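The structure appears below as structure tokens.
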Amino acid sequence: MNTSSKKGHRVAVVGGDGIGPEVVAEALKVIEAAGVKLDLTSFDLGGARYLRDGEVLSDATLDQLRQFDAILLGAVGTPDVPPGVIERGLLLKMRFELDLYINQRPFAGTAPGHTTPHEFVVIRENTEGSYAGEGGVLRKGTPHEVATQGSVNTARGVERCVRYAFELAAARTRKHLTLVHKTNVLTFAGDLWQRTFNQVAKDFPQVATAYNHVDAACIYFVQDPHRYDVIVTDNLFGDILTDLGGAVSGGIGVASSANLNPARTGPSMFEPVHGSAPDIVGTGKANPVAAILSAAHLLQFLGEDDAAAKLRKACETPVAGSTSEIGSEIARRVAK
Ligand code: IPM
Ligand code: MN
């Protein structure tokens, strides 16, 4: 894989739907201001494309995406497409097929009612759990309809996720990792997660560990976020917890995420946590900071650590204004 900045990293850009293209344009503006040369290729994908010609994410397009060093994605989904078509067919297909098994979502902010800022990161398993698509429906539309939707947890899938979280925790100042699950009710999956966690912990004696049930974690996110450093959790708990994380850390407009293939067998994908927000498209109300912070992680993953640090620093002090005003101000700070 090419990680030399002289040649220009090859980055696939999927602006997507709604505010996706608006926030991605600002992220690219800021990357350019940081002096990083990217070799960009745009892909027209998302709900609008699907409505036009039926393509969600074909295997041929997926094979093209595999050739890139990274993917920057804005947001996908439109209200005109039935639920699941774009989510499963595009986003989850990308996560599963490119084996983006880590969804890393950092949070920093001051929770409502608190005076001191907190900083923590959620590591969400990104290829299994209830997202795997296990289950089905019988006798649909009848009074006897049966719908099942299982949670798939493999020893290998859980282990590599938990190990990544320990490695991350070990590299941080606090060196603290919390497993979040629901081991008191989901006894089969919970037991696999807990045993794996305990086993991997033996390789990281320098990392202090804790366990929270997911419902209790929701209380702590609001009342005592300072207790967290790194959290590791399954796919669905991670989805829900990271929206809450955004809500207690400056809002969903600044919540960034990285869908990582740490083994680097293909490109990783970087996207804001927020969706396509069709209600505010074209109004200039979209906050590009989540996309810019996602771009910062992209740069870091490509070895552009200095530029990544510049982007993060430039986002520390909030900017007021329209989408492009915020992007331009952050670009100005980065270029200084
Ligand atoms: C997210 C989103 C996705 C998810 C949806 C759009 C499939 O909510 O990235 O958190 O559930 O993972
Ligand atoms: Mn979500």
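Excluded from the calculations below are hydrogen atoms, water molecules and symmetry mates; all remaining heavy atoms, backbone and side chain alike, are included. One-based numbering, in listed order, for ligands and for the atoms of each. Given the structure is predicted, the values throughout are model-derived calculations rather than measurements. Numbering of residues begins at 1 and proceeds along the displayed sequence.
- For atom 11 (O) of ligand 1, the nearest non-hydrogen atom of the protein is Tyr131 OH, 2.6 Å.
- Ranking protein heavy atoms by distance to atom 1 (C) of ligand 1, first place goes to Arg105 NH2, 3.4 Å.
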Apply the test ring pair (Phe, Tyr, Trp, His ring centres under 6.0 Å) to residues Phe96 and Tyr101: give CA-CA distance (whole Å), side-chain angles for both, the deciding distance (0.1 Å), then the verdict.
CA-CA 8 Å; Phe96 295 174; Tyr101 61 89; over 10 Å; no
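- Atoms of ligand 1 lying under 4.0 Å from at least one heavy atom of Arg124, given by number and element, are 1 (C), 4 (C), 10 (O), 11 (O), 12 (O).
- Among heteroatoms of the N, O or S kind in Asp239, OD1 lies nearest the Mn ion (ligand 2).
- Contact detail for Asn235 and Asn126: the closest heavy-atom pair is ND2-C, 3.6 Å.
- Side-chain contact of Arg124 with Gln104: a donor-acceptor pair under 3.5 Å is absent, judged by distance alone.
- By the 3.5 Å distance cut-off applied to N or O atoms, Asp239 is counted among the residues near ligand 1.
- Across the listed options His274, Glu271, Glu87, Arg95, Arg95 owns the non-hydrogen atom lying nearest to atom 12 (O) of ligand 1.
- Hydrophobic clustering of Ile, Leu, Val, Met, Phe, Trp and Tyr side chains at less than 4.5 Å, counting indirect connections, keeps Ile19 apart from Val81.
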Determine, step by step, whether Lys182 and Asp215 satisfy the salt bridge (Lys or Arg N to Asp or Glu O under 4.0 Å) criterion, reporting the C-alpha distance in whole Å, the side-chain angles of both residues, the deciding distance to 0.1 Å, and the verdict.
CA-CA 8 Å; Lys182 187 76 186 175; Asp215 47 353; 2.9 Å; yes
